[in-house]
S.K.: 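Here it is, the structure in full.
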Amino acid sequence: DEQQVNIAVAANFAQPVKHFAEAFEKKTGIKPIITVSSSGTLYAQIQHGAPFDVFLSADALRPEKLVAEGLAEKQTLRSYATGRLALVSRSGAPDSLNAFVSRKFDKPVAIANPKLAPYGLAASQALGTLPADTALPFRQVQGKNILQTYQYFTSGNVDDAFVAWSLVKRSNYSYLLIPDDYHAPIVQKMVIIKDSAHPYAARRFMQYLLSAKVQKSLMDWGYQSAGKR
Amino acid sequence: MQSDIDAIWLTLKLALFTSVLLMLIATPLAWKLSRWQHKAKNLVLAVVALPLVLPPTVLGFYLLVVFSPNAVAGELWQLITGEQLAFSFAGLVIGSLIYSLPFAVQPLYASFLQLDNRYIDVARTMGMSKWSRFRRIIMPICKPAFMVALGLSFAHTVGEFGVVLMIGGNIPGETQVLSIALFEHVEAMEYGKAHALAFGLLVFSFLLMALLYRYNRNGVTAWKS
Amino acid sequence: MQSDIDAIWLTLKLALFTSVLLMLIATPLAWKLSRWQHKAKNLVLAVVALPLVLPPTVLGFYLLVVFSPNAVAGELWQLITGEQLAFSFAGLVIGSLIYSLPFAVQPLYASFLQLDNRYIDVARTMGMSKWSRFRRIIMPICKPAFMVALGLSFAHTVGEFGVVLMIGGNIPGETQVLSIALFEHVEAMEYGKAHALAFGLLVFSFLLMALLYRYNRNGVTAWKS
Amino acid sequence: MEVVVNTTGDNLSLNVRLDFPASARFVGLSGPSGAGKSTLLRCLAGLSRAAKVNGQWDALRIARVRTGLVFQDSLLFPHLSVGQNLLLAADFAKQQTHHFDEVVLGCKCHHLMTRMPETLSGGEAQRVAIARAILNSPAILLLDEPVSALDDSLKHEVLKYLATLSRGGLKILMVSHDLRELALYTDYMAWMDAGTMVHQGPSDNVLAELTSQLPGFEQRFSVFTGKLEAHLEEQNCYAIRCEGQLIYGRFPVIDGNEAMLTIDARDISVDREAANASSIVNGLESIIEGISDSQDGQLMLTLKTGQTQIFALISQLSQERLHFKVGETVTARFKLR
Amino acid sequence: MEVVVNTTGDNLSLNVRLDFPASARFVGLSGPSGAGKSTLLRCLAGLSRAAKVNGQWDALRIARVRTGLVFQDSLLFPHLSVGQNLLLAADFAKQQTHHFDEVVLGCKCHHLMTRMPETLSGGEAQRVAIARAILNSPAILLLDEPVSALDDSLKHEVLKYLATLSRGGLKILMVSHDLRELALYTDYMAWMDAGTMVHQGPSDNVLAELTSQLPGFEQRFSVFTGKLEAHLEEQNCYAIRCEGQLIYGRFPVIDGNEAMLTIDARDISVDREAANASSIVNGLESIIEGISDSQDGQLMLTLKTGQTQIFALISQLSQERLHFKVGETVTARFKLR
Ligand SMILES: Nc1ncnc2c1ncn2[C@@H]1O[C@H](COP(=O)(O)OP(=O)(O)OP(=O)(O)O)[C@@H](O)[C@H]1O
Ligand SMILES: Nc1ncnc2c1ncn2[C@@H]1O[C@H](COP(=O)(O)OP(=O)(O)OP(=O)(O)O)[C@@H](O)[C@H]1O
Ligand code: MOO
Ligand SMILES: [Mg+2]
Ligand SMILES: [Mg+2]
């Protein structure tokens with residue numbers, strides 16, 4: 001008899017969640033209300049009493065911290081997807097990262113802010129795998145999050161950007177999928193908030209998200225399923 | 001689209017509440033400041049302008065801390081109203097008030113300083129009450145400044161974003177205002193929707209402002225030539 | 001910490017550039033508007049206020065589109081200066097100018113409307129040039145409004161965030177301003193650093209404003225009693 | 001009327017006691033520039049918090065009643081048309097003492113109603129300011145040089161209208177630099193300097209006092225007082241018995257049975273032989289008490305008849321011809337007017 | 001001087017031609033309230049873009065030279081002290097024509113230098129405004145009722161100072177409602193109404209014209225012209241041969257060999273027998289040409305001697321006593337002053 005569930009979702013996963021939510025509502029009659037923000041903002045809000053039921057973070061750190069702080073149900077902490085990093089390039093995707101850094105650049109290259117966005121961190125880790133003496137032949141510009149980073153690319157202000165695979169998978173741009181051993185896995189975790197007003201509906205949504213059908217379709221959105229790795 | 005319409009409605013409500021409340025707060029404050037002959041005046045003026053120098057999100061973060069039921073202010077509010085301050089419409093209004101206060105206070109302050117006090121003296125000898133003097137003399141003479149204060153605070157509340165996002169929580173139908181919806185469309189690369197919404201917002205605001213400034217016409221403006 | 005110091009320095013530079021340039025742009029604009037007796041005036045005023053109603057990030061996004069080397073403006077800039085407009089200091093300044101324009105124009109406009117034109121007539125008969133009239137008569141008489149315009153646009157540029165974040169690209173030492181650094185600390189849950197930076201920013205801005213408003217003291221304010 | 005006002009400002013300390021009979025209706029106030037006249041009016045109007053104002057004017061407690069003030073600058077509300085300025089004042093009147101159209105006509109601003117203040121000429125604005133103050137129906141009307149920007153004929157029309165109002169019961173205190181204007185229209189007047197009252201009393205008395213002290217000859221007056229003998233209605237003048245002799249005047253100040261006439265020293269001529277067939281009606285036999293030194297070709301004879309001192313300003317030329325001497329009996333003559 | 005000004009406003013269409021000899025230095029301007037005097041000054045000062053202003057004043061092209069304007073309101077810059085207001089004006093003068101302290105003293109504002117304008121009394125502000133205009137060293141000084149808020153003695157001191165300046169070469173055009181003030185200090189004057197010039201010429205001529213047209217008797221003047229016979233320095237007066245008879249006056253208007261005297265109708269008395277031992281110096285034998293009806297107890301005799309018309313205002317009372325008749329020969333007498 002819980003008619004709704006309040007879902008707080010990190011921006012990069014907003015599109016898939018909206019899609020899944022529709023199906024979920026059809027199936028269960030529970031109306032998901034979706035709040036999109038950056039993981040950091042959502043974390044701060046939950047800390048200060050935001051009325052969310054489920055928190056889908058872009059990382060593993062923040063949900064774990066919420067659990068550690070006693071603000072989330074420990075036993076509901078689950079990873080729901082694993083992100084993949086892609087290098088999108090207007091002049092054609094390079095074959096490898098090494099090939100990329102041997103190019104010539106007249107515009108900066110965009111990455112997400114490593115301090116704020118897991119994809120940014122992943123990107124800098126990936127660049128860090130290059131031989132130590134490789135001086136990067138481009139300037140970096142940082143977007144606040146992965147979406148802003150992608151906007152630098154789409155608006156034409158940069159010609160190359162490290163973004164989430166999910167963003168470019170369905171586009172016409174050519175990209176290089178960065179091998180997932182170039183960076184720590186981008187594990188995205190979710191958790192149910194302790195004071196949740198709809199714990200039952202929240203659980204059902206969680207289960208739905210972890211169902212095999214949904215997990216299998218994650219690939220279409222540019223994610224790997226949670227279980228892999 | 002329903003959520004966009006909700007957002008439009010909420011934004012209008014918020015901007016209206018905020019700008020009207022702001023005028024009610026800012027007018028007496030600016031008046032007192034303009035008539036106050038104390039050194040501390042500059043400090044008060046500086047304090048009024050301070051919310052501006054914090055990035056909206058950061059200001060919003062601190063407000064969130066203050067509004068939280070664990071903090072005194074948030075607890076008091078919850079005691080009195082029975083509701084949580086953060087993530088409520090009231091919280092949005094308070095946040096917007098604080099953030100937009102300088103835009104209302106400062107133009108009024110400057111205008112009140114420029115006002116010739118002797119008009120008020122005349123009104124006083126004519127037996128006008130404080131309120132009549134304000135409504136029939138001060139307000140019309142300083143009308144341009146009132147329009148500016150109202151226009152700036154309305155527009156700023158419509159466009160404001162960081163504070164509202166932080167303390168509002170972007171809850172559709174409750175605290176998701178237009179600026180956030182627009183932001184989301186852009187972030188989600190729904191550019192078509194974003195352009196439509198931005199265009200609509202611009203046109204609407206333009207009309208509203210044009211209407212507002214029209215009232216300025218027969219102000220104290222005629223050109224003595 | 002070096003990056004914080006760079007950010008402080010850059011922020012100051014940006015705020016100074018923006019607010020000073022803004023005064024140079026806003027003053028003649030506000031003056032013309034206040035002396036212009038045409039219906040279209042209200043429309044122009046409304047247009048000036050428009051940047052406000054767009055969420056900063058959204059405005060930033062559109063600016064990004066315009067600044068791009070694929071767009072006319074961005075291309076022209078690149079042709080002339082040889083540099084890219086986005087991610088450059090110049091780009092930040094332009095973005096800030098657009099976003100803060102109403103805060104400078106509108107208080108000045110209101111004040112110019114309230115000014116008694118006959119003072120200017122006296123100055124004219126005294127053989128003062130346009131510039132002298134402005135500097136020695138109009139500016140001092142409207143000083144409160146100039147202070148307000150300068151104060152609001154400086155503070156707003158310091159705290160402004162969305163636009164700068166969007167078109168700046170957060171390049172340390174080049175476009176990473178204080179507000180972004182502060183935002184980073186908050187988002188990264190480095191609350192200790194965030195508090196310290198926010199506190200420092202507030203104190204510094206407070207001092208600066210208090211200094212600014214001090215100059216108001218011997219304005220046109222004495223109380224005719 | 002007895003009003004005491006005390007206040008201390010940066011450049012002026014005002015200590016004033018206005019003391020007139022209750023019957024005083026139209027009171028004049030003059031004094032040099034910077035004497036504190038405008039400051040006094042501000043205090044009386046209750047606009048100075050620092051000032052202590054006490055006393056009453058014909059049972060009206062000054063600090064309580066509505067006192068209208070017309071400032072030296074007209075200060076019309078710039079956002080309202082002339083008509084709206086007037087209507088606003090009427091709106092805030094406690095009762096409608098005066099008929100709107102009558103006041104507008106009396107102050108000659110009927111043709112200005114739709115105008116905005118900044119389009120008015122100096123004199124037009126002044127008239128509107130007066131009308132505005134009257135329409136606010138004050139018990140006491142304070143006027144600060146209200147007709148200084150009016151041409152002569154308008155000035156007199158407006159002053160006559162004010163005099164009518166004062167006869168109708170409105171108490172008026174008017175500041176002016178034109179002593180003759182005050183003498184013509186006010187019944188009492190005061191003269192202040194440096195924040196204190198120097199002279200006050202019936203207007204003509206004050207004028208006489210003033211003129212006998214002024215440095216220049218030209219402003220000296222003689223004051224003739226006596227029993228009012230007759231009002232010659234057809235001839236439109238009054239006969240006054242002064243020192244046993246009849247003199248005639250058109251505008252004496254009349255206080256019950258007593259009448260008073262003031263004549264400029266320059267309007268009095270002195271004859272040794274009484275001429276009979278002259279259009280100069282008034283002649284008072286008197287004795288020369290003093291003859292001043294010649295100054296700029298003029299000299300002042302001080303004559304005396306009974307208690308009345310008469311000042312006559314004559315030219316050096318006629319003195320050279322006639323050689324008036326102290327002690328001589330002569331006739332002081334002046335035209336009826 | 002020949003200046004043409006044309007402009008059309010909402011409430012006034014101004015079409016004026018000022019036409020004075022090049023020698024005119026101190027010119028007066030009067031006319032009813034709302035006549036367009038202030039508007040004319042604004043045009044002359046180049047403040048009205050719509051206005052067409054052409055002509056020159058003694059080789060100074062009006063539209064080119066620096067014309068200082070003292071507005072009807074003083075309009076001191078509110079953010080500057082009195083001293084700073086004056087220094088600013090001096091700063092923008094093209095050359096320092098006048099000594100700073102002298103001007104400050106001449107306008108009686110030496111004691112006000114450190115004051116802020118809003119603390120000045122009305123008359124104080126007026127004096128500062130005059131000083132400010134002079135210190136700006138204009139070639140032509142336009143004054144709009146500059147002494148209306150000054151008491152008599154200050155007024156005359158300031159006017160005397162202005163007259164000194166005009167004798168020193170400064171051209172002054174002064175608006176005033178006080179015709180006597182203009183007659184005393186200006187050499188030429190103009191009278192305008194409803195945007196057009198009605199009279200202009202030597203001040204006394206204009207006064208005479210004006211007074212013969214005014215509706216009330218009281219303002220009518222007689223004008224005596226004739227050859228200047230002598231300047232009696234010791235007696236400080238001039239002798240003028242008018243219609244073959246000698247008359248004396250202290251302030252005639254002198255134009256080369258010609259002199260002119262204007263006398264108020266109310267200052268002229270009429271004698272049937274010529275009295276010899278009177279202090280009234282002037283007497284002109286003349287014939288009664290007309291006798292007006294009595295009005296308010298007064299009537300006007302129109303006398304004629306040669307070409308000169310004399311107006312004498314006498315009381316009904318004296319007419320009842322003396323029964324003057326048309327055609328009778330009488331003596332028109334008036335005091336030397
Ligand atoms: N607000 C003020 N602050 C300081 N001094 C003032 C203020 N107002 C007036 N004074 C001074 O007080 C004195 C009296 O001023 P007030 O205006 O009463 O003179 P006044 O008699 O009306 O003169 P006027 O005939 O020139 O108008 C003047 O010396 C004036 O400079
Ligand atoms: N800015 C204006 N707009 C419209 N009408 C005006 C304006 N200024 C003056 N007038 C009108 O033009 C006429 C002439 O005004 P002006 O001020 O020149 O009169 P004035 O002769 O100086 O009168 P006063 O002696 O009363 O000062 C008046 O009827 C006045 O109402
Ligand atoms: O969705 Mo994020 O917080 O930009 O990686
Ligand atoms: Mg005064
Ligand atoms: Mg005028």
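Because the structure is predicted, anything quoted here is derived from the model rather than measured. Just so it is clear: chains get the letters A, B, ... in the order the sequence lines come, proteins before strands, and each one is counted from 1.
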S.K.: Does any backbone or side-chain atom of E/Ile268 lie under 4.5 Å from a heavy atom of chain D? Answer side chain, backbone, both or neither.
M.R.: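 Interface part for E/Ile268: backbone (N, CA, C, O).
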S.K.: Would you mind telling me which of E/Asp267, E/Asp144, E/Ile314 has the largest number of heavy-atom pairs within less than 4.5 Å of chain D?
M.R.: E/Asp267
S.K.: Does a sphere of radius 6.0 Å around CD in E/Glu285 hold more than 12 heavy atoms from other residues, nucleotides or ligands, not counting ones at 6.0 Å or beyond?
M.R.: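 No, not enclosed.
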S.K.: Which heavy atom of E/Gln298 sits nearest to which heavy atom of D/Arg250, and what is that distance?
M.R.: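 Nearest pair, atom of E/Gln298 first, then D/Arg250: OE1-NH1, 2.6 Å.
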S.K.: What part of E/Leu317 lies closer than 4.5 angstrom to a heavy atom of chain D: side chain, backbone, both or neither?
M.R.: both
S.K.: Looking only at atom types and distance, does a side-chain atom of D/Lys335 sit under 3.5 Å from a main-chain N or O of E/Leu313, one as donor and one as acceptor?
M.R.: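 At least one qualifying donor-acceptor pair exists.
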S.K.: Counting only heavy atoms closer than 4.5 Å, note whether E/Glu234 contacts chain D via side chain, backbone, both or neither.
M.R.: both
S.K.: Which atom pair, heavy atoms only, marks the closest approach of E/Ser318 to D/Val281?
M.R.: CB-CG2, 3.4 Å
S.K.: Please report the closest heavy-atom contact between D/Gln316 and E/Gln235, naming both atoms and the distance.
M.R.: OE1-CA, 3.7 Å
S.K.: Does any donor atom in the side chain of E/Ser278 or D/Arg333 lie under 3.5 Å from an acceptor atom in the other side chain?
M.R.: no
S.K.: Go through the atoms of E/Ser38 and report whether side chain, backbone, both or neither lie under 4.5 Å from a heavy atom of chain D.
M.R.: neither
S.K.: What distance separates E/Asp151 CG from D/Lys37 NZ, expressed to the nearest 0.5 Å?
M.R.: 6.5 Å
S.K.: Examine whether an atom of E/Phe71 lies under 4.5 Å from a heavy atom of chain D, and if so say whether it belongs to the side chain, the backbone or both; otherwise answer neither.
M.R.: neither
S.K.: Kindly give the heavy-atom pair with the smallest separation between E/Ala149 and D/Gln72, and that separation in Å.
M.R.: CB-NE2, 3.8 Å
S.K.: Counting heavy-atom pairs under 4.5 Å with chain D, which one of E/Leu150, E/Leu154, E/Asp73 comes out on top?
M.R.: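 Going by pairs under 4.5 Å, I would pick E/Leu150.
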S.K.: What part of E/Glu145 is in contact with chain D, defined as an atom under 4.5 angstrom from a non-hydrogen atom: side chain, backbone, both or neither?
M.R.: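 When you check distances to chain D, only side chain atoms of E/Glu145 fall under 4.5 Å.
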S.K.: Checking side-chain hydrogen bond (donor to acceptor under 3.5 Å, both in side chains) against D/Ser33, which of E/Arg127, E/Lys155, E/Glu124, E/Lys108 comes through?
M.R.: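 It is E/Arg127, the one option of E/Arg127, E/Lys155, E/Glu124, E/Lys108 that forms the side-chain hydrogen bond (donor to acceptor under 3.5 Å, both in side chains) with D/Ser33.
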S.K.: E/Ala35 versus chain D, heavy atoms under 4.5 Å apart: side chain, backbone, both or neither?
M.R.: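 Answer is neither: E/Ala35 stays 4.5 Å or more from chain D.
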S.K.: Report yes if the side chains of D/Ile280 and E/Ile280 come closer than 4.5 Å at any heavy-atom pair, otherwise no.
M.R.: yes
S.K.: What are the two closest heavy atoms between E/Asp271 and D/Ser279, and how far apart are they?
M.R.: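 Shortest heavy-atom separation between E/Asp271 and D/Ser279 comes out as OD1-N, 3.9 Å.
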